[in-house]
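Notes to accompany the following structure.
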Amino acid sequence: MLGGGPAGASAAFTAAKAGLAVALVDPRRFPRDKLCGGGLTGRSMRLYRDIFGNDMPPVPLERRDAIAFHAFGEDLGTDRNAPPLHLGMRFSFDHALVAQALQAGAMDLTGQFGPLDPDAGTIALGDCQLRAPLIVAADGVNSPTARQLFGAAFDHRTIGFALEVELPEPAPDAPLRIDFGAADWGYGWQFPKPSGVTIGVGGVHSRNVDMKGALHRYLETLGVRGTPRIKGQFLPFGAFRSVPGRGRVLLAGDAAGLVDPITGEGIAHAMLSGAEASRACIEALAKGAPDHALPIYRKRIAPIHTALRHASRLRPILFRESLRPAFLRSFRESRTLRREYLAMLDGQTDYGPIMRRMALRLPGFALRALRGG
């Protein structure tokens, strides 16, 4: 397994629990910092339980069941009985997942990385060489593996970008807040946590020539003073790889572009894709057919691809200026639409009901979106 984030750790844990010999390779040791809002939705929490077998990850988490929605400067109201979100720091969450993968039997090769030969199935680590019949690469948005397989880790025309700051003081009265449009074709977030508050903005990189300006304006809106340290990172949303790998190399998580372009959620898709990649490997190896792992994996994550296609079709309804007023009116006034959005965040449903409701309210455009036109 290449990469020790949620996708790589889930893949390593799943394969090790099944009795496979697993090496977990990552250029950095854990815990390590990672730009991320750190929000665990109901979908993420259920997947964590399903994959790792524990009710809660053993890390400090702030539980919130009230979400304040804003969009393009408008207050869309606060949902006070929303499905709960759990908010924590990614460095502690990722560290906990890696620890569980190692406890399950994965070999700890974090802090090391080397050249991959995808055709030979080898990775050079100093004086030693690892050889494996199958490789799951979950090495992030800047994936060296994806670059080696496809010539580029991502498409610069569609990639997202985010900036984020961490305020170190706990703020129990700060609302969990999501602001659509805080960046162009993007959003902002304020996530209170046990050890502080995470604030960030993210959007389509090509549409945001001044992302730092967008972040500073958002911080001013939230009443944040001073100059906290800014972190930046690409966000692989909206352009996933329909074939997530090549040959005997499978891509998972951010390396496969599995981030929701509307909500920005990537942790749930990362854990699920990592686990499904390992299940595909287990099935293919049991049949003595490692070359079948990638086709099996594609079928297993087809529901993720379908959800991301729906989100990509819905995104213009939210961000295209001519359609924006109708969406805002619908989101502010329709309790059913808000309920379906929150249920989708919680993993109780997918984008289908939201798309159908928007088709009724915006029949011309949304019907074309539903048909993929």
Exercise. After noting the C-alpha distance and the side-chain angles of Gln190 and Thr221, does the key distance pass the side chain to side chain contact (heavy atoms under 4.5 Å, CB included) rule?
Worked result: CA-CA 11 Å; Gln190 175 177 266; Thr221 297; over 6 Å; no
For this session: Could you walk me through whether Leu109 and Leu130 pass side chain to side chain contact (heavy atoms under 4.5 Å, CB included), step by step?
Result: CA-CA 11 Å; Leu109 293 178; Leu130 297 181; 3.4 Å; yes
Problem set entry | Nearest heavy-atom neighbours spanning Ile267 and Cys36 | CD1-SG, 4.1 Å
Problem set entry | Nearest heavy atoms of Leu149 and Pro118, plus distance in Å | CD2-CB, 3.8 Å
For this session: Would you give the length of the straight line joining atom CG of Asp139 to atom CD of Gln148, rounded to the nearest 0.5 angstrom?
Result: 10.0 Å
Exercise. Which residue pairs pass the side-chain hydrogen bond (donor to acceptor under 3.5 Å, both in side chains) test when at least one of the two sits in residues 118-128, sequence neighbours left out?
Worked result: none
Exercise. Do you see a donor-acceptor pair shorter than 3.5 Å between the side chains of Glu166 and Ser195?
Worked result: no
Problem set entry | Check against side chain to side chain contact (heavy atoms under 4.5 Å, CB included), Lys231 and Gln233 | CA-CA 7 Å; Lys231 298 180 290 184; Gln233 181 171 297; over 6 Å; no
Exercise. Is there a donor-acceptor pair closer than 3.5 Å between any side-chain N or O of Lys34 and the backbone N or O of Phe91?
Worked result: no
For this session: Could you state whether Leu125 and Val136 fall into the same hydrophobic cluster, counting links through intermediate Ile, Leu, Val, Met, Phe, Trp or Tyr residues with side-chain heavy atoms under 4.5 angstrom apart?
Result: no
Seminar exercise, completed: All heavy atoms of Gly253 vs all of Ser273, minimum pair found to be N-OG, 2.9 Å
Tabulate below the donor-acceptor pairs under 3.5 Å that side-chain atoms of residues 21-28 make, not counting sequence neighbours, or state none.
from: Asp26; atom 1: OD1; to: Arg28; atom 2: N; distance (Å): 2.9
from: Asp26; atom 1: OD2; to: Gly4; atom 2: N; distance (Å): 2.8

For this session: Find out whether Val201 and Met211 are in side-chain contact, i.e. whether some heavy atom of one side chain is under 4.5 Å from a heavy atom of the other.
Result: yes
Problem set entry | Joint hydrophobic cluster, Leu251 plus Leu294, side-chain heavy atoms closer than 4.5 Å | no
Exercise. Residues two or more places apart in sequence or in another chain: which of them pass salt bridge (charged side-chain N to carboxylate O under 4.0 Å, His left out) with Arg49?
Worked result: none
Problem set entry | Arg43 side, atom CZ; Glu265 side, atom CD - distance, nearest 0.5 Å | 5.5 Å
Exercise. So do the side chains of Ile159 and Pro236 get within less than 4.5 Å of each other, counting heavy atoms only?
Worked result: yes
Exercise. Going from CG on Leu102 to CG on Asp108, what distance comes out if it is rounded to the nearest 0.5 angstrom?
Worked result: 4.5 Å
For this session: Please lay out, stage by stage, how Val204 and Phe237 fare under the test side chain to side chain contact (heavy atoms under 4.5 Å, CB included).
Result: CA-CA 8 Å; Val204 177; Phe237 56 37; 4.1 Å; yes
For this session: Flag the pair Arg315 and Asp260 as a salt bridge only when some basic side-chain nitrogen lies within less than 4.0 angstrom of an acidic carboxylate oxygen.
Result: no
Exercise. For residues 201-225, which residue pairs qualify under salt bridge (charged side-chain N to carboxylate O under 4.0 Å, His left out), counting only residues two or more places apart or in two chains?
Worked result: none
Exercise. When rounded to the nearest 0.5 angstrom, what distance separates CZ in Phe69 from CG in Asp79?
Worked result: 5.5 Å
Seminar exercise, completed: Looking only at heavy atoms, the pair that brings Ile262 and Ala311 closest together is CD1-O, 3.5 Å
For this session: Is it possible for you to say whether Leu328 and Leu314 belong to one hydrophobic cluster, with membership spreading through side-chain heavy-atom contacts below 4.5 Å?
Result: yes
Exercise. Can you name the salt bridge (charged side-chain N to carboxylate O under 4.0 Å, His left out) partners of Asp350, sequence neighbours left out?
Worked result: none
Problem set entry | Heavy-atom check, side chain of Ser206 versus side chain of Arg157, under 4.5 Å | no
Exercise. Would you call Phe52 and Pro57 a side-chain contact if the rule is heavy atoms closer than 4.5 Å?
Worked result: no
Exercise. With a 4.5 Å heavy-atom cut-off, do Asp291 and Arg248 have their side chains touching?
Worked result: yes
For this session: Give the cluster check for Leu215 versus Phe191: same hydrophobic cluster or not, with ILVMFWY residues linked at side-chain heavy-atom distances below 4.5 Å.
Result: no
For this session: Quick one: name the residues clustered hydrophobically with Ile296, using the 4.5 Å side-chain heavy-atom rule over I, L, V, M, F, W, Y, and just say none if it's on its own.
Result: none
Could you go through residues 172-189 and list every donor-acceptor pair under 3.5 Å that involves a side-chain atom there, pairing it with any protein atom two or more places apart or in another chain?
from: Arg177; atom 1: NE; to: Asp179; atom 2: OD1; distance (Å): 2.8
from: Arg177; atom 1: NE; to: Asp179; atom 2: OD2; distance (Å): 3.2
from: Arg177; atom 1: NH2; to: Asp179; atom 2: OD2; distance (Å): 3.0
from: Asp179; atom 1: OD1; to: Tyr218; atom 2: OH; distance (Å): 2.8
from: Trp189; atom 1: NE1; to: Glu164; atom 2: OE2; distance (Å): 3.3

For this session: Apply salt bridge (charged side-chain N to carboxylate O under 4.0 Å, His left out) to Asp346 and list each qualifying residue two or more places apart in sequence or on a separate chain.
Result: Arg46
Exercise. Is a donor on one side and an acceptor on the other found under 3.5 Å between the side chain of Lys193 and the backbone of Pro60?
Worked result: no
Exercise. Does Met89 share a hydrophobic cluster with Met56, counting links as ILVMFWY side-chain heavy atoms below 4.5 Å and allowing steps through other members?
Worked result: no
Seminar exercise, completed: Here the pair of heavy atoms bringing Ala293 nearest to Leu134 is CB-CD2, 3.7 Å
Problem set entry | Distance in Å, Leu85 CG paired with Glu62 CD, rounded so as to fall on 0.5 Å steps | 11.5 Å
All N/O donor-acceptor pairs, side-chain side in residues 279-290, below 3.5 Å, sequence neighbours left out:
from: Glu283; atom 1: OE1; to: Arg300; atom 2: NH2; distance (Å): 3.4
from: Glu283; atom 1: OE2; to: Lys287; atom 2: NZ; distance (Å): 3.2

For this session: Any chance you could measure Met1, atom CE, to Thr14, atom OG1, to the nearest 0.5 Å?
Result: 8.0 Å
Seminar exercise, completed: So side-chain hydrogen bond (donor to acceptor under 3.5 Å, both in side chains) across residues 91-101, not counting sequence neighbours, yields Arg32-Asp94, Tyr48-Gln100, Arg90-Asp94
Problem set entry | Any Arg29 side-chain heavy atom under 4.5 Å of Val98 side chain | no
Exercise. Would you say Leu258 and Leu308 make side-chain contact, with heavy atoms under 4.5 Å?
Worked result: yes
Problem set entry | N/O donor-acceptor pair under 3.5 Å between Ser143 side chain and Thr145 backbone | yes
Exercise. Is the shortest heavy-atom distance from the side chain of Gln348 to the side chain of Pro83 under 4.5 Å?
Worked result: yes
Problem set entry | Minimal non-hydrogen separation, Phe154 against Asn142, with atom names | CE2-OD1, 3.4 Å
Problem set entry | Results of salt bridge (charged side-chain N to carboxylate O under 4.0 Å, His left out) for Asp75 - residues two or more places apart only | none
Exercise. Going by the ring-ring contact (aromatic ring centres under 6.0 Å, His included) test, which pairs reach into residues 270-307, not counting sequence neighbours?
Worked result: Phe240-His305
